[in-house]
Amino acid sequence: MALVVQKYGGTSVGSVERIKAVARRVSKTVESGNSLVVVVSAMGKTTDTLVGLAKEISSNPCRREMDMLLSTGEQVTIALLSMALKELGQPAISLTGAQVGIVTEAEHSRARILQIQTERIQKHLNKGEVVVVAGFQGISNKKDLEITTLGRGGSDTSAVALAASLKASRCEIYTDVPGILTTDPRLVPEAQLMDEITADEMLELASLGAKVLHPRAVEIARNYGVSLVVLSSWSDAPGTRVVSPMPKPRPMEGLEITKAVDGVQLDTDQAKVALLRVPDRPGIAARLFGEISRQKVDVDLIIQSIHEGNTNDIAFTVVEGVLQRAEAVAEAIAPALRTQPSASDEAEVIVARRIAKVAISGAGMIGRPGIAAKMFKTLSDAGINIEMISTSEVKVSCVIAREDCDRALEALCRAFEVDSSSLPSVLNSIAKTEKTPPVRGVVLDRNQARLAIRHVPDLPGMAAQIFGLLAKKNISVDMIVQSQRCRIFDKMPTRDIAFTIAQVDADLAHSALTELAKNIGCGEVSVERAIAKVSIVGAGMIGQPGVAAKFFTALAKEQINIQMITTSEIKISCVVAEEEGVKALKAVHDAFDLAGKEKIEMPA
Ligand code: ADP
Ligand code: ASP
Ligand code: MG
């Protein structure tokens with residue numbers, strides 16, 4: 001008999017009728033010879049309603065009481081579903097997270113799962129009962145048994161963690177869309193269903209804001225090799241499989257407290273081309289990378305930073321062997337970007353040969369704000385200056401001088417306790433087949449704000465101080481971009497640093513950094529809230545020239561200006577004006593031929 005874990009989200013259990021429909025599906029699954037653990041969310045918008053009630057009483061309610069409140073939502077659903085199953089003659093029992101023994105760290109509102117006790121569930125399964133478990137909640141490991149929650153959307157994580165702990169044969173996530181789509185169908189109804197996606201790609205999509213799966217659920221599935229599928233609770237269609245590589249053996253204790261960083265990578269065959277002071281208008285990146293891809297040059301990191309005035313810097317890295325071709329393209333384009341033919345303070349190309357890229361990666365860095373800061377601090381303690389920073393949700397890459405690379409590698413491996421002898425190569429660690437398309441999915445995030453700090457002295461340790469302070473305030477930083485241009489300010493070479501964070505953290509970050517900027521000799525700190533981030537994700541973009549060019553061209557055709565660019569091996573993100581977000585998303589989705597003819601039907 002196979003053990004299956006099924007999870008039903010809010011809309012899928014949004015009414016009595018829906019709960020009865022879920023009960024019918026559950027008992028059918030049992031009848032076909034499976035034993036079943038069912039994880040449920042709160043009904044419909046219950047969690048939002050509870051949050052609203054709390055906000056009416058307090059603008060800043062204490063996190064412990066919020067957990068007490070929000071965990072009630074799921075408790076309603078487990079009882080009702082269990083009753084519905086019994087009505088169908090199917091023995092069942094409902095259990096809260098605490099009753100199961102879903103043991104978490106004592107961090108209210110964002111607890112990570114440490115371990116799941118399986119004895120009680122097993123006992124009920126052996127009696128032929130369906131076990132209905134409240135998602136999103138657990139019990140703390142401290143002396144006082146506190147109710148905790150895992151963070152919004154966390155029921156997916158409960159389900160996959162249960163599947164891993166019980167060694168279930170599969171975990172099925174039932175939701176209100178047919179599976180994982182090329183983008184959010186609420187924004188682009190022509191989004192298409194995928195049959196499968198790799199866990200690496202899904203992890204990027206989920207962390208970039210594709211709400212269909214909680215990123216931590218994907219992380220657990222990948223780490224423990226859980227067979228995971230996302231499908232509609234309205235139909236019998238097969239949905240989307242999330243494919244994980246063969247997992248390394250891992251203990252079941254510290255389930256979610258895996259190391260924040262599980263790899264340090266070094267790439268010494270890198271050279272950098274930077275175009276300084278290019279005009280800040282639509283089409284510039286498209287033109288540059290369009291020409292570069294016509295020359296069949298594959299670019300690795302790309303960053304574009306923001307500046308005062310109306311010019312930008314764009315920099316990219318390539319393998320050293322193609323540097324000459326890349327430089328020639330940039331040199332050929334630069335004059336055309338000058339507004340006056342002889343202006344010396346306009347578009348200029350600089351090249352750096354002896355550079356290296358060091359990166360740290362690991363899904364455990366999601367929601368742990370201190371990791372990037374720790375990398376910067378480690379490099380600065382080793383006296384190493386960072387020339388370029390590029391980030392994704394699960395990776396931070398820094399470009400440094402090549403002569404520093406051995407020291408950097410050693411220091412980072414020591415700081416993050418990673419064994420340097422077993423370093424995975426970046427490219428081998430990402431699952432990819434012949435069929436993998438260059439772009440699998442597109443995501444829009446409209447909940448971010450951009451902060452910029454002007455004139456940051458170009459000395460080791462500055463980034464460490466800035467991001468260390470944000471980490472101390474528990475603020476997670478997303479895209480980080482350091483400008484290429486060095487400006488002399490009070491005899492000191494300086495650069496600007498810009499980054500994005502969640503909009504809710506913008507005020508706190510702004511006031512903290514304004515204070516710090518004064519103390520460490522930086523310039524003004526500015527905030528821009530009206531931004532949107534559009535990202536493309538696909539393992540097939542590795543080693544495939546032209547993907548970035550196509551992305552930027554799609555935006556240029558719509559006259560959309562790009563404010564910031566960052567990349568990792570399998571994603572490219574652009575910041576654009578908020579009001580252009582949806583237009584940008586549609587344009588990019590179309591450009592990569594992801595749109596289908598039939599629109600996705602959403603349940604009312
Ligand atoms: P549940 O309550 O079942 O957990 P969620 O609302 O958390 O459901 O997640 C499902 C929603 O995710 C969909 O209704 C859809 O609007 C959104 N979504 C965003 N990006 C995607 C995507 N790439 N594929 C499918 N759904 C997506
Ligand atoms: N009910 C919780 C929420 O709305 C958890 C979940 O549905 O995954 O965030
Ligand atoms: Mg969800």
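Counting convention: from 1, in listed order, for ligands and their atoms alike. Below, each value reflects all heavy atoms present in this structure, side chains not excepted, and no hydrogens, waters or symmetry copies.
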List the closest protein heavy-atom neighbour of [atom]: residue, atom name, distance to the nearest 0.1 Å.
atom                    : value
atom 2 (O) of ligand 1  : Gly10 N, 3.0 Å
atom 13 (C) of ligand 1 : Asp176 OD1, 3.5 Å
atom 7 (O) of ligand 2  : Ser41 OG, 3.0 Å
atom 27 (C) of ligand 1 : Val212 CB, 3.7 Å
atom 6 (C) of ligand 2  : Ser155 OG, 3.4 Å

> For His589 and Thr182, does a side-chain donor sit closer than 3.5 Å to a side-chain acceptor?
Replying inline: yes
>> For His214, state whether at least one heavy atom is located under 4.0 Å from any atom of ligand 1.
In response: no
> Is Ser155 near ligand 1, meaning one of its heavy atoms is under 4.0 Å from it?
Replying inline: no
> In this structure, which one of Lys211, Arg18, Arg186 forms a salt bridge (charged side-chain N to carboxylate O under 4.0 Å, His left out) with Asp176?
Replying inline: Arg186
> Ala210 heavy atoms, cut-off 4.0 Å: which ligand 1 atoms fall inside?
Replying inline: 20 (N)
Test item, [X] contacting ligand 2 (heavy atom, 4.0 angstrom):
X      : result
Gly135 : no
Gly153 : yes
His214 : no

> Below 4.5 Å, heavy atoms only, C-beta onward: do Gln448 and Asp445 meet side chain to side chain?
Replying inline: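 Side-chain contact under 4.5 Å: yes.
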>> Do Ile180 and Met202 have side chains that approach each other closer than 4.5 Å (heavy atoms only, starting at C-beta)?
In response: yes
> Quick one: does Asp156 get an N or O within less than 3.5 Å of an N or O on ligand 1?
Replying inline: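 By distance alone, the answer is no.
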> Nearest to atom 1 (N) of ligand 2 by heavy atom, Met43, Gln137, Glu74: which?
Replying inline: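 It is Glu74 whose heavy atom sits nearest to atom 1 (N) of ligand 2.
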> Atom CD1 in Ile102, atom CG in Leu114: separation rounded to 0.5 Å?
Replying inline: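 Rounded to the nearest 0.5 Å, the CD1-CG separation comes to 12.0 Å.
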>> Suppose I only count heavy atoms of Arg152 and a 4.0 Å limit; which atoms of ligand 2 are within that range?
In response: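 The list of qualifying atoms is 3 (C), 4 (O), 9 (O).
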> Going by the order shown, which atoms of ligand 2 are within less than 4.0 Å of some heavy atom of Phe136?
Replying inline: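 Listed by number with element: 2 (C), 5 (C).
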